[in-house]
Amino acid sequence: MSDADVPLRSKQLKKKGLTRRQKRSLSRGIQYVVFVAAVVAFAVAADWDRLKNQFAQWEIAREMFPDVITLALKNTVLYTVSGFVFALVLGLVVALMRLSSVAPYRWVAGVYIEIFRGLPALLIFIFIGVAVPLAFPGTEIVGGTYGKAAIALGLVGAAYLAETFRAGIQAVPKGQMEAARSLGFSPARAMISIIIPQAFRIILPPLTNEFVILFKDSSLVLLLGVTLEERELAKFGRDLASTTANSTPILVAGLCYLLVTIPLGFVVRRMEAKAQEAVK
Amino acid sequence: MSESLLKAGPEIEVRGLHKSFGDNEVLRGIDLEINQGEVVCVIGPSGSGKSTLLRCVNLLEEPTKGQVFVGGTELTDPDVDIDAARRGIGMVFQQFNLFPHLTVTENLTLPQRRVLKRNKASAAKAAAENLERVGLSEKATAYPASLSGGQQQRVAIARALAMGPEVMLFDEPTSALDPELVGDVLAVMRMLANEGMTMMVVTHEMTFAREVADRVVFMDGGVIVEDGTPDQVIGNPQHERTRHFLSRLLDPAMADVEEETSDQVGKGD
């Protein structure tokens, strides 16, 4: 009985029009065609010779080396790393204040986050570059431009990282704090030894994002007024572009940014996979 | 801390304990004494307040009213160093709560190093000894996630023991385990009981309570209903509520019919 039933029913199910599988491959095929057509249309429409003239002059590109790496990229990394470290420390402090049981701490942290998350990084750089020397005449920020850049980037990054840290800390199960407290850890020690290391694993991806954002925001250092030796990639590229009246340096500078961000993505994905292995 | 050990009083003493969460009064006046070396099992239906009582003993929950003494020290005294007091009180949780980012050995050594300031060698020694006691020496370098629930719980017990506690609190230590893994954990607890550890155990394991406990406390609706030897409380319960609870526990198939009414009775109290 059931032997006769099955073919009949499956025939009925198959009858009407395209199957789901066929519909799916049809719609995917259309997507591919549209995509390829768009790319080809742009490629055909663009004037490649003029683009090449303006952006890909081999001679000009070659003259940028090694300075673009040893000076500009080095400075970019230096600004970013020092700003990121400052942002990590300040962001963690603000996050802990935000989670504090002391109400004024929470308020201060909230106000800080709202202000520095809401302002364009550009304005903060101008503020550090102009307002601080006006307000405190005669005082030098330690490290000169490097110190100022670290502070400006750190202030921007800390507002975002504070929220990231807070989310990460709250994502650690409550039982972890209880276990630590029941073993005699003080709240601060439990936070440092048990909770924050676990929170770090959780927030590794958004942490990388923030690093990349700061890496790009480091181009704003030019607003602080930099010497030739203090130039980072964007300023270095723009300066050369204006002296050579050609945009090749901009393209090279852009590639140098990618030179750092793309491998960084790979490394972090590896770290994530490893951390996952240990926990899961 | 050490002079308090000379006191002859009970190891754990709870006086007039009340605990509310908002409007919900979970504990309504608990008085309980547990002597040194005694094993006390706390049983009762869910929502009876037994876990809250246990968590009040090491002040993971702050009592609303009343006093808690452990080893002669009043933990509810606002000036007491609660972190120091907790060092003498081991706690084992239903969900194990091992630190997932640390290996088994690190789970045992980190608290000793950070809290007791033991040096690396003596922390490692205590860790190895206690892992051996729970039969998990071969898992020393594993991460908690690679262990079974029963193994994780035994590591959690070893972690608490490595701190050298005077008292051990167990909060439904086998409730999250697959049935076939319960036995290993209970065996470790039985060993501890035989060694004379003072233990307060919130549990649904009646066989364990009957065989290992010196006393069984039955709680319902935030109060202690019965308190006596296992033979008295489990074998010959005096109160209707105790009998009802035990009959449902021993024959779950019977329980469904009565579920509705008993819940309403519980809420009405």
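Every chain is numbered from 1, with letters handed out A, B, ... down the list of sequences.
Using a 4.5 Å heavy-atom cutoff, the side chains of B:M91 and A:E178 are not in contact. Two residues are said to be in side-chain contact when any heavy atoms from C-beta on lie closer than 4.5 Å; A:Q176 and B:P100 meet this criterion. Looking at heavy atoms from C-beta onward, B:I89 lies out of side-chain contact with A:S182 at the 4.5 angstrom threshold.
More than 12 heavy atoms of other shown residues, nucleotides or ligands fall within 6.0 angstrom of atom CZ in B:F21. Atom CD of B:E132 has 12 or fewer heavy atoms from other residues, nucleotides or ligands within 6.0 Å. Crowding of B:K120 atom NZ: a count of heavy atoms from other residues, nucleotides or ligands under 6.0 Å not exceeding 12. Within a 6.0 Å radius of CD in B:E195, more than 12 heavy atoms belonging to other residues, nucleotides or ligands are found. Other residues, nucleotides and ligands contribute only 12 or fewer heavy atoms inside 6.0 Å of the CZ atom of A:R24.
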task = Report the C-alpha distance between A:L183 and B:R159 in whole Å, list the side-chain angles of each, state the deciding distance to 0.1 Å, and finish with yes or no for side chain to side chain contact (heavy atoms under 4.5 Å, CB included).
result = CA-CA 9 Å; A:L183 287 160; B:R159 178 176 70 179; 3.7 Å; yes

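A:Q198 places no side-chain N or O within donor-acceptor distance of the main-chain N or O of B:F99, the cut-off being under 3.5 Å. Here the side chain of B:N97 pairs no donor or acceptor atom with the backbone of A:A179 at under 3.5 angstrom.
Under a 4.0 Å N-O distance rule, the pair B:D83/A:R181 qualifies as a salt bridge.
In terms of heavy-atom proximity, B:H101 sits nearest to A:S193 at NE2-O, 3.6 Å.
Note: A:S186 OG to B:I82 CD1 = 12.5 Å, rounded to the nearest 0.5 Å. Taking CD1 from A:I194 and CG from B:L102, the interatomic distance works out to 6.0 Å, rounded to the nearest 0.5 Å.
For chain B, no part of A:A190 is nearby; none of its heavy atoms comes within less than 4.5 Å.
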